[in-house]
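Values in this document were obtained by computation on a predicted structure and should not be read as measured data.
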Amino acid sequence: MKLRVKGFGLLLLLVLLALCSTIDVCDARRGKHWRPRSSPSSSLLKKKGKAKKGSSHRQHGGNRRSPPPAPPGVGKGHQTPYQPSPNVPVSPSPSPSPKPSPAKGNGHTSPQPPSPSCGKGRQPPPQPPPVASASPGAGFNVVDFGAKGDGISDDTKAFQAAWAAACKLGASTVLVPSELEFLVGPISFSGPYCKPNILFQLEGTILAPTNAKAWGSGLLQWLEFTKLSGLSIQGSGTINGRGQQWWTYSDPNDDEDDDTQYNQELERMPRVKPTALRFYGSSNVVVAGITIVNSSQCHLKFDNCQGVLVHDLTISSPENSLNTDGIHLQNSKDVSIHHTNLACGDDCISIQTGCSNIYIHNVNCGPGHGISIGGLGRDNTKACVSNVTVRDVNMFRTMTGVRIKTWQGGIGLVQDIRFSNIQVSEVQTPIMIDQFYCDKRTCTNQTSAVAVSGVQYENIRGTFTIKPLHFACSDSSPCSGITLTGVQLKPVQIAHYHLNNPFCWQAFGELFTPTIPPIACLQIGKPAGNNLQTYHDIC
């Protein structure tokens with residue numbers, strides 16, 4: 001009888017063991033759902049499926065465009081260059097490091113900026129909206145569309161055809177290959193029907209025409225990109241405006257023009273001079289790594305754009321080339337410009353009306369006219385600029401350093417401006433506010449003016465050749481909220497230059513530290529009876 005009981009117990013144990021092979025008893029004890037075990041073959045299939053998904057994700061991610069730069073203080077502000085689609089046979093070299101400032105020769109490292117003492121309503125430096133990520137798209141080489149690249153044949157139609165093909169697909173690449181020179185006439189790469197996120201990979205050289213027929217009676221731009229989203233222009237190539245044909249002319253807005261200076265050959269060129277590269281009505285634009293030289297007028301212009309990132313750019317034209325601004329901003333917001341070398345015949349960077357949230361840092365400027373806000377309010381117009389930060393900039397032999405210039409008779413407001421860690425070398429006038437700006441022989445005296453309020457100058461140091469500081473403000477609208485911290489400017493005697501003391505007129509604010517030289521002309525406090533309206537009230 002005992003043997004039978006033992007046998008029955010053994011049989012019951014075998015049954016329990018069989019059940020454990022199909023049901024996870026331990027999981028059930030932990031409160032998990034009872035479920036049959038997966039067969040080995042189904043587990044392997046699931047693992048393979050996950051592996052495929054992961055590898056696909058990595059492949060797409062490797063070709064995505066780089067994110068915008070980290071916020072100030074995080075890293076160096078560099079953006080990793082975008083790697084083109086595998087369909088495009090090009091391996092662009094990494095973006096060049098900025099050249100050392102001529103002022104220092106061996107590469108000056110700017111001092112760390114002080115903690116920002118932001119004014120009322122001041123916003124932190126802007127970061128452009130992220131450029132949309134895109135899966136690898138098709139590549140369109142302009143040579144495949146008939147471009148010769150010999151610098152003589154007109155390749156305009158080939159560029160138009162390559163752009164049209166990329167425009168239809170989006171997230172695609174137009175390639176201008178290296179070691180070739182492409183003669184391209186005035187052209188507009190336009191939307192709004194283009195798909196977003198097109199990459200214009202510039203590795204070769206684009207040349208502007210030098211014959212008058214190509215320009216007709218005169219055009220305002222040569223290469224234009226309009227109403228696009230997520231456009232990137234990058235590479236190690238060059239845009240050459242060949243502006244020498246225009247530079248012999250005097251400024252058409254200058255009363256001192258002397259038509260007898262023109263020789264017969266140059267007289268064939270139209271008086272209207274084109275900007276080399278212009279963006280209009282576009283968003284999330286990136287310009288990186290390329291070089292723009294010898295534009296007949298402005299080299300790079302952004303008009304009515306939002307979300308702009310410019311970095312590792314080189315712009316160059318002779319010191320005596322008239323009106324050749326480096327970068328011109330107008331009616332544009334959320335703009336970041338950094339690690340860029342600018343040498344030209346006018347403002348290195350010009351910030352015009354309608355601009356806000358502008359962040360400029362780690363820029364070398366010179367020769368040129370410095371970094372300017374304005375001129376604003378010309379012809380009695382309204383002009384508004386706010387929230388501009390310029391820091392960690394080297395300037396060498398420029399006409400001015402950091403400048404705000406407004407015309408008499410205008411209305412509007414310039415507010416919340418910060419100039420920090422500006423190193424100047426042999427700059428004529430490093431610090432300037434001029435509410436009586438006039439680029440003609442004479443200008444009519446007028447009462448109203450674009451107001452200037454809340455301007456911070458921090459650590460402006462180096463040498464000057466004419467005057468350390470010039471604040472010429474309006475009687476009806478005095479400059480207010482000017483603060484000076486760590487200003488140390490020493491004179492350098494240059495032949496034919498007469499040194500002057502600091503000049504102030506109707507300028508009010510505070511000196512947070514002693515200055516070199518002493519700036520006794522700044523009136524401490526606020527102007528009497530000056531009820532300055534807010535930016536939103538005026539603009």
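- Note: Phe189 and Phe225 have parallel aromatic rings, judged against thresholds of 30 and 60 degrees for the angle between ring planes.
- The shortest distance between side-chain heavy atoms of Thr515 and Leu469 does not fall below 4.5 Å.
- Here Asp303 pairs with Arg278 in a salt bridge; the nearest charged N to carboxylate O distance falls below 4.0 Å.
- Under 3.5 Å, the side chains of Ser350 and Gln352 contain a donor-acceptor pair of N or O atoms.
- The backbone N or O of Phe396 lies less than 3.5 Å from no partner atom in the side chain of Glu426, so there is not a single donor-acceptor pair.
- Here the shortest heavy-atom pairing between Val272 and Leu219 reads CG1-O, 3.5 Å.
- Under the 2.5 Å SG-SG cutoff, Cys504 and Cys473 do not qualify as a close cysteine pair.
- Defined by atom type and a distance below 3.5 Å, a donor-acceptor pair is missing between the side-chain atoms of Asp416 and Asn387.
- A side-chain donor-acceptor contact under 3.5 Å links His299 to the backbone of Asp325.
- With hydrogens and angles left out, the side-chain atoms of Trp407 and Asp379 include no donor and acceptor closer than 3.5 Å.
- For Gly281 against Cys305, the heavy-atom pair with the smallest separation is N-SG, 4.0 Å.
- When all heavy atoms of Ser477 and Ala451 are compared, the pair lying nearest together is OG-CB, 3.4 Å.
- Side-chain atoms of Asn500 come within 3.5 Å of backbone N or O of His498 as a donor-acceptor pair.
- Between Trp222 and Trp215, the ring planes are perpendicular. Angles over 60° get that label, and only those under 30° would be called parallel.
- Counting non-hydrogen atoms of neighbouring residues, nucleotides and ligands closer than 6.0 angstrom, the OH atom of Tyr497 reaches no more than 12 such neighbours.
- Arg418 and Thr389 form no side-chain donor-acceptor contact under 3.5 Å, judged by distance and modelled atom types alone.
- Salt-bridge formation is detected for the pair Arg403/Asp347: a Lys NZ or Arg NE/NH1/NH2 atom is positioned less than 4.0 Å from an Asp or Glu carboxylate oxygen.
- Using modelled atom types, one finds no donor on one side chain facing an acceptor on the other under 3.5 Å when comparing Asn331 with Asn304.
- In this structure, Gln435 contributes its side chain and Ser474 its backbone to a donor-acceptor pair below 3.5 Å.
- Taking the charged nitrogens against the carboxylate oxygens, Lys405 and Asp439 have no contact shorter than 4.0 Å, which rules out a salt bridge.
- Side-chain contact between Leu207 and Arg242 is present, with heavy atoms from C-beta onward closer than 4.5 Å.
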